[in-house]
*Asks:* 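Have a look at this one before I ask anything.
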Number of protein chains: 2
Amino acid sequence: MAASVRDVAERAGVSVGTVSNVLNSPGKVAPATAERVQAAIDDLGFVRNDAARQLRVGRSHSIGLVVLDVRNPFFTDVARGVEERAAAEGLSVLLANSDERADREAAHLELFEEQRVRGILISPVEEVLPLLQGLRNRGIPSVFVDRLASTPGWSSVSVDDVRGGRDAVEHLLARGRRRILFVGGPLDLPQVRDRLEGARAAVAGVDDARVDVLPVTGLTMAQGVAAGRQILALESRPDAVVAGNDLIALGVLQGVALNGGIRVPEDLAIVGYDDIDFAAAAAVPITSIRQPRERMGALALELLLEQLDGKEPRQIVLQPELVVRASSG
Amino acid sequence: MAASVRDVAERAGVSVGTVSNVLNSPGKVAPATAERVQAAIDDLGFVRNDAARQLRVGRSHSIGLVVLDVRNPFFTDVARGVEERAAAEGLSVLLANSDERADREAAHLELFEEQRVRGILISPVEEVLPLLQGLRNRGIPSVFVDRLASTPGWSSVSVDDVRGGRDAVEHLLARGRRRILFVGGPLDLPQVRDRLEGARAAVAGVDDARVDVLPVTGLTMAQGVAAGRQILALESRPDAVVAGNDLIALGVLQGVALNGGIRVPEDLAIVGYDDIDFAAAAAVPITSIRQPRERMGALALELLLEQLDGKEPRQIVLQPELVVRASSG
DNA sequence: CGACGGGATTGAATCGTTTCAGTCGTTGTC
DNA sequence: GACAACGACTGAAACGATTCAATCCCGTCG
């Protein structure tokens, strides 16, 4: 059905090699010939079959990106950074969504390997090193995004989440808050764990301050709303919430707003994480810990390219930045 | 480097045909043999080369989805609907971002054709029928998403945007608003045009009511913020804004909030469009026109499958739903 | 005038999988 | 005991592009 180089060659009265040259090394072919070939291509509506090309060349021109949740603006911003840098390099990006589930993550990695992607950027759910080690052995390097490589010898771009968590709580302490509730999960997610660790570290030296944990099963607005409702029902309410990310924070804000009795920030301060665009537009603009989202994406691709160039893997750790808004009054 | 079926076959002491059967039609092969082959696969870390498979089979197992803006939650929700339905069908989804630019849209379509996707779902920037007609001639069907196919003979899933625009304005009129400003763009985007048309239709019979237009260059929050600032500077301010989508609405809300003088909704009512999750979480919860986002995605894939089954293209038009919140008082 | 050089072109080999007609060996039937 | 039937397995052909050694052609130079 679809035209092939052979058809084009025949119609233009040249060999397949010449058609291929027109496609891949114009300049190697005489202008007159090139023109004739181009005409044949247009006539037949020829479009090169990438599968055949890839098979012959032995590699694709795409890279895989696995994120925890495409519906989280944080990740679409990261993806944007990746894509921009990738496009400049002539690479296309395959975007996959693990939904914070290890099985989906593994399935996507498998698919990516079948596609023979050049490399993989991943915001991992949990321990995927064995899988990634296998990929590396077979020539596919990877880079951790939004997560420090726990083992040396692996590339990563991350933000110091422990510090981010600490900054959030220290800010709250400075505002006089003492009964802090960390709302986030799943708790085996490294990002969440680190932020919580930082939060706990911040209260360590402060006698009357404490951090409790309200675990949720996912970093979504819906989970935040549910958490907000639970907070309303608590006997002794916290005076501040540190959320695992901005979606949770927005959700909590909505959840507690259902009860007119609780005011933000007077009765309950809220600090989010990521500083997505929507944080500033919230009912009460959310204080948040900003991560350089697009930059992380671009840097991750950079590290991947380095590895493809044979350079050593390395880790980049960026610093988060506290952005104070009304929610922490 | 990477192991091939031939390597596996050799190691397992069988022919390549048998290896292929283990992969694709287990059941055709004796349990003992299958086990031996599987062991060889595991030993060698064999992963099937999808390019070769595709080349031989003649088609891929993926479909392409082109959206106007991946950072708009509306589209990630649609994408989610598509993906879920696609996964159930064993198809994977290639997600591409046109950023409301016709050249990027065309480039992505070209790439998709090179990949020999089974079909394409697209939320088009402008007139792409010629391109899509070419694709169809070469065996790749497509479905319009979030946009009514203007020509019969094409599949589409859309929402009645004219009605949505009218509902928005009628609601505002009922609340006593008269000087309505439509903020949206680019104006050649069908969705925007239709919503504006509906808005104008609503005031047609009302003497003292009018709809002005403040055009923006893209449906983003940043554009909305800029528009909000412009509104502050207007000599005669509108008493209501109908936004092209929720991102614009959120932006306008932020933009006008910079000036303590304007209160929403007292001085300025705002109605958005799409009803993304963030609309409800906004500074002033945004009244919006809800579209069934995930459902649109799932239905679009459904229509694509129908075409792949040889059925006739058809159009599905869904009805929008006004969701009243605080921003329209 | 013949040899040389070099740009343009050719076409067979190749990538790794699936497919399918055919072989092999065993079991069951009459 | 011959033959059919059947399941398991084989292996060569095919998919469509790229690559590269070989060939062709033509102008130039000695």
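Lettering of chains follows the sequences in order, A, B, ..., and the numbering in each one begins at 1.
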*Asks:* Does Arg193(B) pair with Asp188(B) as a salt bridge, N-O distance under 4.0 Å?
*Replies:* no
*Asks:* How about Glu35(B): does its CD atom have over 12 heavy atoms from other parts shown lying under 6.0 Å from it?
*Replies:* no
*Asks:* Which whole-number value in Å describes the distance from Gln115(B) CD to dA17(D) P?
*Replies:* 14 Å
*Asks:* Report the distance from atom NZ of Lys28(A) to atom P of dT9(C), rounded to the nearest whole Å.
*Replies:* 12 Å
*Asks:* Quick one: do Arg80(A) and Asp99(B) make a salt bridge, cutoff under 4.0 Å?
*Replies:* yes
*Asks:* Rounded to whole angstroms, how far apart are CD on Glu35(B) and P on dA8(D)?
*Replies:* 15 Å
*Asks:* Need one value for Val19(A): base, sugar-phosphate or nothing, where a base atom within 4.0 Å counts as base even if backbone is also close, heavy atoms only.
*Replies:* nothing
*Asks:* Of the listed nucleotides (dT18(D), dT17(C), dA8(C)), which one gets closest to any side-chain atom of Leu23(A)?
*Replies:* dT18(D)
*Asks:* What is the distance from CD of Gln54(B) to C1' of dT18(C), rounded to the nearest Å?
*Replies:* 13 Å
*Asks:* So which pairs with a foot in residues 111-131 of chain A pass side chain to side chain donor-acceptor pair (under 3.5 Å), sequence neighbours left out?
*Replies:* Glu113(A)-Arg138(A)
*Asks:* When you check the phosphate oxygens OP1 and OP2 of dA17(D), does a side-chain N or O of Arg48(A) lie under 4.0 Å from one of them?
*Replies:* no
*Asks:* Take atom CZ of Arg59(B) and atom P of dT17(C), then tell me their distance rounded to the nearest Å.
*Replies:* 19 Å
*Asks:* Between dC9(D), dT17(C), dT9(C), which one does the side chain of Thr18(A) approach most closely?
*Replies:* dT9(C)
*Asks:* Can Arg71(B) and Glu294(A) be counted as an ion pair, charged N to O under 4.0 angstrom?
*Replies:* yes
*Asks:* Which salt bridge (Lys or Arg N to Asp or Glu O under 4.0 Å) pairs, counting each pair once, include a residue from residues 20-31 of chain B, with sequence neighbours left out?
*Replies:* none
*Asks:* Pick the closest DNA chain D nucleotide for Ala52(B) and for Gly13(B) by heavy atoms, then say which residue is nearer the 5' end.
*Replies:* Gly13(B)
*Asks:* Please give, in whole Å, the distance from dG16(C) P to Ile41(B) CD1?
*Replies:* 16 Å
*Asks:* From the options dT18(D), dA8(C), dG16(C), select the nucleotide whose nearest atom is closest to the side chain of Val5(A).
*Replies:* dT18(D)
*Asks:* Report, as a single string ordered 5' to 3', how protein heavy atoms within less than 4.0 Å touch nucleotides 19-26 of chain C: B base, S sugar-phosphate only, - not at all.
*Replies:* B-------
*Asks:* Whole angstroms only, please: what is the CZ-C1' distance between Arg138(A) and dG16(C)?
*Replies:* 17 Å
*Asks:* Is Arg85(A) salt-bridged to Glu89(A), cutoff N-O under 4.0 Å?
*Replies:* yes
*Asks:* Kindly say if Ser15(A) contacts the phosphate of dT9(C), meaning a side-chain N or O under 4.0 Å from OP1 or OP2.
*Replies:* no
*Asks:* Starting at atom CZ of Arg6(B), determine the distance to atom C1' of dT17(C), rounded to an integer number of angstrom.
*Replies:* 9 Å
